[in-house]
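The shown structure was predicted, so the numbers you read here are calculated from the model rather than taken from an experiment. In listed order, ligands and their atoms are each counted from 1.
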Amino acid sequence: MKIQLNENYKQLQESYLFAGIAKKVSAYSQAHPDKKIIRLGIGDVTLPLTPTVIQALQKAVGEMAVQETFRGYPPEAGFDFARQAVVDYYGRRGTKLDLCEVFVSDGAKSDCANLTELFGDNPVLIPDPVYPVYLDSNLMCGRKVTFLQATQENGFLPMPEGLTGEGYLIYLCSPNNPTGAVYNKEQLTQWVDFARRSGSLILFDAAYEAFIHGDYPHSIYEIEGARECAIEICSLSKTAGFTGTRCSWTVVPVELTAGGMSLRDMWERRQATKFNGVPYIVQRAAQAALSPQGIRECQGLVDYYMENARSISALLDKKGIFYTGGQSSPYIWMRCTGNMDAWTFFDYLLENVQVVGTPGSGFGACGEGFFRLTSFGSHEATKEAIARLDSLL
Ligand code: MLT
């Protein structure tokens with residue numbers, strides 16, 4: 001072929017982190033069909049959707065079966081009822097949004113990656129370690145990325161001190177995936193002040209906000225001035241068990257403008273051209289999940305998973321192994337034992353006790369020597385994994 005390809009793809013790792021792990025686990029499973037593998041790797045939920053969500057889905061499916069209530073293409077930005085449900089969810093926490101600023105979508109992953117299209121050649125700041133989509137999607141469009149080192153010394157919460165440039169795209173994820181570290185109000189205020197001073201934009205990933213325990217901001221818009229410098233992405237994947245149902249939202253405040261262009265208008269334009277919206281039945285399910293009763297039921301899911309987090313933490317406490325997370329996050333970020341690097345530790349656990357986790361180095365260079373365990377398993381599987389780890393570590 002004579003076509004030019006996007007050579008930026010050469011900068012990427014051979015496979016996406018979780019796809020690579022799935023391949024490795026599948027190869028092991030084929031070679032050892034008798035071994036029962038426990039998957040605490042990718043943060044995929046295991047509990048079913050809650051009753052309120054199921055009722056809404058069933059009702060919506062019924063509507064699709066009837067001529068008068070059947071729906072075709074959904075609006076690209078979301079039905080007003082779903083956008084309003086997001087506005088109300090924030091409103092109950094004291095954060096005011098306008099309906100036109102909320103864009104319903106099929107996942108935080110796609111929104112995080114697709115948002116890169118709105119920007120020119122800006123310097124990018126990405127925490128290390130962090131959810132790999134921020135880095136990959138910026139590498140795909142050839143941007144220069146600088147890492148914000150998140151280490152044990154800074155509590156895995158890098159701050160803007162020492163940054164002197166302007167016009168950055170700054171990715172923040174709080175509670176952080178994978179470390180579970182959460183920014184408090186003062187720290188986020190420093191980031192917002194820095195972004196405003198330097199003409200930068202924060203892309204705030206709040207996908208794990210439902211797991212926050214204690215007095216931490218759930219949204220960047222709880223910080224004064226954030227509407228002038230931040231986009232927020234959030235999702236029902238972990239909050240309501242929607243990893244397979246697919247629904248998220250992105251908030252783009254009307255205040256966000258640069259060079260005479262409105263980011264809100266650009267995102268609306270982008271979505272209208274490239275996205276055909278989230279299915280009606282899923283948006284009804286999302287509306288139900290975000291209702292007061294829906295959120296109460298979601299809290300039950302969160303509580304269930306956090307019990308796993310406590311059990312895993314108890315094992316690591318007993319063994320004297322350093323870890324963070326598991327307080328305001330479904331992830332436990334532990335140090336690999338025996339001075340092993342992260343992938344060696346991955347193989348060690350898979351081969352000896354058939355427990356799958358995620359090597360910390362997959363989230364960035366600073367994640368080397370660390371390992372992430374998810375608490376999204378069932379109580380039974382998690383208990384079994386803990387017993388196996390107890391026997392090995
Ligand atoms: C994770 O395990 O980090 C997440 O499940 C990945 C995702 O949300 O796409």
Side-chain angles (χ1 to χ4, degrees), residues 12-13 15-25 37-47 105-116 126-138 140 150 156 171-182 203-211 232-250 278 286 298 301-302 305-306 308-309 312 324-326 328-334 342-343 346 349 355-364 366-367 370-378 381-382 385:
L12 302 171
Q13 303 276 339
S15 57
Y16 178 60
L17 175 62
F18 297 106
I21 291 173
K23 244 190 234 169
K24 249 181 167 250
V25 174
I37 296 170
I38 303 180
R39 290 174 168 79
L40 303 184
I42 190 165
D44 197 2
V45 297
T46 51
L47 289 177
S105 176
D106 63 352
K109 183 189 200 177
S110 26
D111 278 7
C112 280
N114 292 334
L115 278 163
T116 56
I126 295 183
D128 172 6
V130 87
Y131 185 43
V133 172
Y134 316 149
L135 174 62
D136 282 5
S137 57
N138 277 287
M140 285 171 180
F156 300 98
Y171 286 81
L172 295 179
C173 177
S174 180
N176 177 275
N177 175 13
T179 66
V182 201
L203 293 121
F204 191 77
D205 184 347
Y208 295 92
E209 61 81 15
F211 292 82
E232 179 160 301
I233 301 128
C234 198
S235 161
L236 288 173
S237 282
K238 315 296 155 90
T239 305
F242 272 45
T243 53
T245 306
R246 312 299 317 145
C247 198
S248 68
W249 64 86
T250 286
V278 176
C298 289
L301 304 179
V302 169
Y305 294 130
M306 292 312 277
N308 287 337
I312 300 171
T324 59
S328 286
S329 143
Y331 300 124
I332 306 284
W333 181 244
M334 62 177 283
W343 277 107
F346 173 90
L349 296 194
V355 172
V356 176
T358 309
S361 50
F363 298 97
C366 290
F370 286 91
F371 200 70
R372 194 194 77 174
L373 293 172
T374 155
S375 51
F376 284 122
S378 68
T382 306

[X] and [Y]: side-chain donor and acceptor closer than 3.5 Å?
| X | Y | answer |
| --- | --- | --- |
| Asp106 | Ser110 | yes |
| Asn138 | Thr116 | no |
| Tyr171 | Tyr131 | no |

Review item, side-chain donor-acceptor pairs of residues 172-181, under 3.5 Å, at least two apart:
{"unit_1": "Ser174", "atom_1": "OG", "unit_2": "Tyr183", "atom_2": "N", "d": "3.0"}
{"unit_1": "Asn176", "atom_1": "OD1", "unit_2": "Thr179", "atom_2": "N", "d": "2.9"}
{"unit_1": "Asn176", "atom_1": "OD1", "unit_2": "Thr179", "atom_2": "OG1", "d": "3.0"}
{"unit_1": "Asn177", "atom_1": "OD1", "unit_2": "Arg372", "atom_2": "NH1", "d": "2.6"}
{"unit_1": "Thr179", "atom_1": "OG1", "unit_2": "Ala181", "atom_2": "N", "d": "3.2"}

Requested in this report: Compare every heavy atom of Ala309 with every heavy atom of Gly326, then report the nearest pair and how far apart it is.
Outcome: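 Gly326 and Ala309 have their closest heavy atoms at O-CB, 3.8 Å.
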Query raised in the report: Which pair of non-hydrogen atoms, one from Thr239 and one from Leu301, has the smallest distance, and what is that distance?
Result: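 So the two residues come closest at O-CD1, 4.0 Å.
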Report task. List, ordered by chain and residue number, the protein residues whose closest non-hydrogen atom lies under 4.0 Å from any atom of ligand 1. Result ->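 Protein residues near ligand 1 are Phe18, Ile42, Gly43, Tyr131, Asn177, Tyr208, Lys238, Tyr331, Arg372.
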